[in-house]
Amino acid sequence: MAFVLALDQGTTSSRAILFDRAGTVHAVAQREFAQLFPQPGWVEHDPMEIWASQSGVMAEVLAKAAIAPTDVAAIGITNQRETTVLWERATGRPVANAIVWQDRRTAPLCDALRAAGHETTFARKTGLVLDAYFSGTKLRWLLDHVAQARSRAERGELAFGTVDSWLIWNLSGGTTHVTDPSNASRTLLFDIHRGEWDDELLALLDVPRAVLPAVVASSGVCAHATLGGTAVPIAGIAGDQQAALFGQACLEPGLAKNTYGTGCFLLLNTGRTAVTSKNHLLSTVAWRRDGTTDYALEGSVFIAGAVVQWLRDGLKIIRSAAEVEALAASVPDNGGVYLVPAFAGLGAPHWDAYARGAILGLTRGATGAHLARAALEAIAFQSAEVLRAMEADAGLKLTELRVDGGATTNNLLMQFQADLLGVPVVRPKVAETTALGAAYLAGLAVGYWRDSRDVAANWQVGRRFEPAMSRDRGAALTAGWDKAVLRSKAWAS
C-alpha cells in the first residue's frame, strides 16, 4: 500500500491529496464550491455540495495518480472547523444549509449568555470565549429556527456534526457518527479537561445529547470507506488548524505555526497542559492519540486570504489572487492606507462581533496598488497581534514562526510578516501541511509511519525569511494599524 489519502475539506474548496512515506505530494485534486450569503453577516454552505465536491475530488485524485483503492493504506480527514451541519439519520439529508464558522447571526445569543453571567463557565470548561464563531450557538439556532428540528432532535432523529462528522457519515454509508476532540473542542459543548460532552453546557445552550456524535481519537481507525469495492480505513481526524500543527511537526511544547488560508490561525503547542489565556486567546485540544491529549493555544484571525478574494471578486482590481503580489509590490509602501478586513467581525485578541471592515488613510494619491498592499499588510498585522498575545500568555519569546497555507506563496507578505515580528518566518518545502497532518494521523494509526520521529524527520525548510525592517519603522506601522482597528470596532448594531 503505497499512499495515504488526505481529504482536506476547506471553507471555499474541497481537496484530496495523496502522500507517500516521505510526506511528499503524489497527486492533488481540488474543487471550489458556492459561498452563500442570504443576509448581511450570514454565511452558509450546502452540505450536499460539500459532500459532492469532496467525493468528486477523492475519485479524481485516484484517477489522476492512476492507482487502485488497494494502494491506499488509510484516509485522513481535516476540515473547516466550527461550520455546523444538522441532518436526518434515516435519510442522510440535511435539514438546512450548513452555518459556516464566519457566520455572525448568533452574536445576540452570545451577548445574552454573557449578560446572564455564563462566560466564566464556558471559558473554564471549553477554553473558548463566548462568540458566534463556535458551533454550539449555531446548532442552537438551527434547533430553534428549523421547523420541528428541536422535537426531532430530542427523539434522536437528527444528527449534528462539524464537517468531519458529515464526511465520515457519508463515507461510511451512514453507519458512523463520530468526531474527534480537536473538532469537539470548538463547539462550546465539550469539556476539554475531562474530554467529554458536558451536561451543564448542553443545558445552557439547550442542546439535546441525542444529537451529538461519539468522540473518538484523532489517530485511530474509526470507520471504513468503500472505494471501488475496497474497504479503506478512516484513521485520522483533525480540525484544519490542529492538523496543520501536526503536519508542521510542531509536536513538542513551545513550537508554533501560522496557517494563512481563508483566515489566519496561529497555534502554539502547550503539551499536556491546557493553558488559560489572560489575553483573549483560546485554549483548545490539539489532538488525542495513544490515549493522551495534547493542547494548544490558538489565536484566530477571521479574514486573511479572503481579503484577496474580495479584491478579486468584490472590487475587481485583480483578475486572480496571484496578481496581488505584483500589484502590491508596484508601490514602495502602503502610502498611509490601512485596510481592516473585519468583514465577519474581529477575532483574537479583540473578539468584537460587531466590528466591520474599514479602509483608513485614503488620499487623492491612493491607488489600487496601495489598497492591495494594505490588504496584504493587514494579514500580517493581525497575525502579529495574535503572536504578541500568545507570547505573553505562554511566557516565552518565539525564535521562529513556521508558516503554511495558500498565502505563504506570497513572498512580499512573508517578508513583511518577518519584519513585523522581528523573528524568521520559515516556509516548509511541503506547503500542504494541513492535509499532511491528517495523513500523518491516519498513517500512524495503521503503521504506515512508525512514530512521531518519522513525522519530524520528514519536515524540511523550503525558505527562511529573515527580518530586515528597523524596529522603529515596524513600531510606527503597527501604531497606524492599532488606530485603524480602533475605528472599525463596534460598527454594526
Criterion side-chain contact (heavy atoms from CB on, under 4.5 Å) on Leu128 and Ile192, from CA distance to verdict: CA-CA 10 Å; Leu128 307 177; Ile192 62 172; over 6 Å; no
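- Within the 4.5 Å cutoff, the side chain of Phe122 has heavy atoms near those of the Leu204 side chain.
- Residues Val129 and Phe134 meet the side-chain proximity criterion, which asks for heavy atoms closer than 4.5 Å.
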CA sep, side-chain torsions, deciding dist, call: Gln80, Ile50, side-chain contact (heavy atoms from CB on, under 4.5 Å): CA-CA 11 Å; Gln80 53 166 320; Ile50 288 176; 4.0 Å; yes
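- Not one N or O on the side chain of Tyr260 forms a donor-acceptor pair closer than 3.5 Å with the backbone of Leu413.
- In this structure, Arg463 and Met414 have side chains that are not in contact, with every pair of non-hydrogen atoms separated by 4.5 Å or more.
- Between the Thr408 side chain and the Gly405 main chain, a donor and an acceptor come within less than 3.5 Å of each other.
- The pair Asp199-Arg209 counts as a salt bridge, with a side-chain nitrogen and a carboxylate oxygen less than 4.0 angstrom apart.
- Listed by first and then second residue, the ring pair (Phe, Tyr, Trp, His ring centres under 6.0 Å) pairs involving residues 191-232 are Phe190-Trp197 (not counting sequence neighbours).
- Remark: Thr137 engages Thr106 in a side-chain hydrogen bond (donor to acceptor under 3.5 Å, both in side chains) (not counting sequence neighbours).
- Here Leu398 contributes atom CG and Leu387 contributes atom CG; the two are 5.0 Å apart, rounded to the nearest 0.5 Å.
- Residues satisfying the ring pair (Phe, Tyr, Trp, His ring centres under 6.0 Å) test with His118, not counting sequence neighbours, are none.
- For the side chain to side chain donor-acceptor pair (under 3.5 Å) test with Asp294, the passing option among Arg289, Arg288, Arg272 is Arg272; the others fail.
- The side-chain heavy atoms of Asn410 and Val308, taken from C-beta on, include no pair separated by under 4.5 Å.
- Every residue two or more places apart in sequence or in another chain that forms a side-chain hydrogen bond (donor to acceptor under 3.5 Å, both in side chains) with Arg155 is listed here: Glu157.
- Counting only distance, with no hydrogens or angles, the side chain of Gln382 and the backbone of Gly347 share no donor-acceptor pair below 3.5 Å.
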Can you give each donor-acceptor pair under 3.5 Å made by side-chain atoms of residues 26-37, sequence neighbours left out, with the distance rounded to 0.1 Å?
| from | atom 1 | to | atom 2 | distance (Å) |
| --- | --- | --- | --- | --- |
| Gln30 | OE1 | Arg15 | NE | 3.2 |
| Gln30 | NE2 | Ser13 | OG | 3.0 |
| Gln35 | OE1 | His45 | NE2 | 3.0 |
| Gln35 | NE2 | Thr11 | O | 3.0 |
| Gln35 | NE2 | Phe33 | O | 3.3 |
| Gln35 | NE2 | His45 | NE2 | 3.4 |

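- A search for side-chain hydrogen bond (donor to acceptor under 3.5 Å, both in side chains) contacts involving Ser300 returns Tyr133, Glu298, not counting sequence neighbours.
- At distances below 3.5 Å, at least one donor-acceptor pair connects side-chain atoms of Ser165 with backbone N or O atoms of Val178.
- Side-chain atoms of Trp351 come within 3.5 Å of backbone atoms of His280 as a donor-acceptor pair (strictly under, hydrogens ignored).
- Between the side chains of Tyr440 and Asn458, at least one donor-acceptor pair of N or O atoms lies under 3.5 Å.
- Under the salt bridge (charged side-chain N to carboxylate O under 4.0 Å, His left out) criterion, Asp144 pairs with Arg140, Arg150, sequence neighbours left out.
- Contact between Leu7 and Ala16 at its shortest, heavy atoms only, is CD2-CB, 4.0 Å.
- A heavy-atom distance below 4.5 Å is not found between the side chains of Leu109 and Trp141.
- Side chains of Leu171 and Trp51 form a contact here, defined as non-hydrogen atoms less than 4.5 Å apart.
- Panel note: side chain Thr270, backbone Tyr295; a donor-acceptor pair is recorded below 3.5 Å.
- Remark: side-chain polar atoms of Trp449 are paired, donor with acceptor, to backbone N or O of Arg21 under 3.5 angstrom.
- In the model, Ser135 has no side-chain atom that pairs as donor or acceptor with a side-chain atom of Glu82 under 3.5 Å.
- Shown here are the ring pair (Phe, Tyr, Trp, His ring centres under 6.0 Å) partners of Trp87, two or more places apart in sequence or in another chain: Trp166, Trp169, His177.
- The shortest side-chain heavy-atom distance between Leu212 and Thr187 does not fall under the 4.5 Å cut-off.
- Among pairs with a residue in residues 211-223, those fulfilling side chain to side chain donor-acceptor pair (under 3.5 Å) read Asp180-Ser218, at least two apart in sequence or across chains.
- Residues Leu143 and Pro208 come closest through the heavy atom pair CD1-CD, 3.8 Å.
- One distance of note links CD1 of Ile77 with CG of Asp240; it measures 13.0 Å at 0.5 Å rounding.
- Contact of the Pro181 side chain with the Thr293 side chain is not registered, since no non-hydrogen atoms from C-beta on lie closer than 4.5 Å.
- Scored by the side-chain hydrogen bond (donor to acceptor under 3.5 Å, both in side chains) test, Ser277 finds Asp393 as partners (sequence neighbours excluded).
- Of the possible polar contacts, one joining the Ser172 side chain to the Thr176 backbone as a donor-acceptor pair under 3.5 Å is found.
- The distance from the CD1 atom of Ile168 to the OG1 atom of Thr162 is 8.5 Å, given to the nearest 0.5 Å.
- For Ala243 against Ala438, the heavy-atom pair with the smallest separation is CB-N, 4.0 Å.
- Pairing each heavy atom of Gly305 with each of Ile379, the nearest pair is N-CD1, 4.2 Å.
- Within 6.0 Å of CD on Glu196 lie more than 12 heavy atoms contributed by other residues, nucleotides or ligands.
- Across every non-hydrogen atom of Ala249 and Ala456, the tightest pair is CB-CA, 4.0 Å.
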Residues Cys250, Leu267; criterion side-chain contact (heavy atoms from CB on, under 4.5 Å); working and verdict: CA-CA 9 Å; Cys250 294; Leu267 271 70; over 6 Å; no
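- Taking the salt bridge (charged side-chain N to carboxylate O under 4.0 Å, His left out) definition, one finds that Asp111 meets it with Arg114, sequence neighbours left out.
- Summarising the local packing, CZ of Arg194 is surrounded by more than 12 heavy atoms from other residues, nucleotides or ligands at distances under 6.0 Å.
- Expressed to the nearest 0.5 Å, how far CG of Leu201 lies from CG of Leu188 amounts to 8.0 Å.
- Neither side chain, Trp42 nor Asp103, offers a donor N or O lying under 3.5 Å from an acceptor on the other.
- With values rounded to the nearest 0.5 angstrom, Lys138 atom NZ is found 9.5 Å from Leu142 atom CG.
- Sorted by first and then second residue, the side chain to side chain donor-acceptor pair (under 3.5 Å) pairs involving residues 242-257 (not counting sequence neighbours) are Arg81-Gln242, Gln241-Lys257, Gln248-Asp404, Gln248-Trp459, Lys257-Thr259.
- Judged by distance alone, with hydrogens and angles left aside, the side-chain atoms of Asp191 form no donor-acceptor pair with the main-chain N or O of Asp198 at under 3.5 Å.
- Atoms CG and OG1, from Asn170 and Thr175 in turn, are 10.5 Å apart once rounded to the nearest 0.5 Å.
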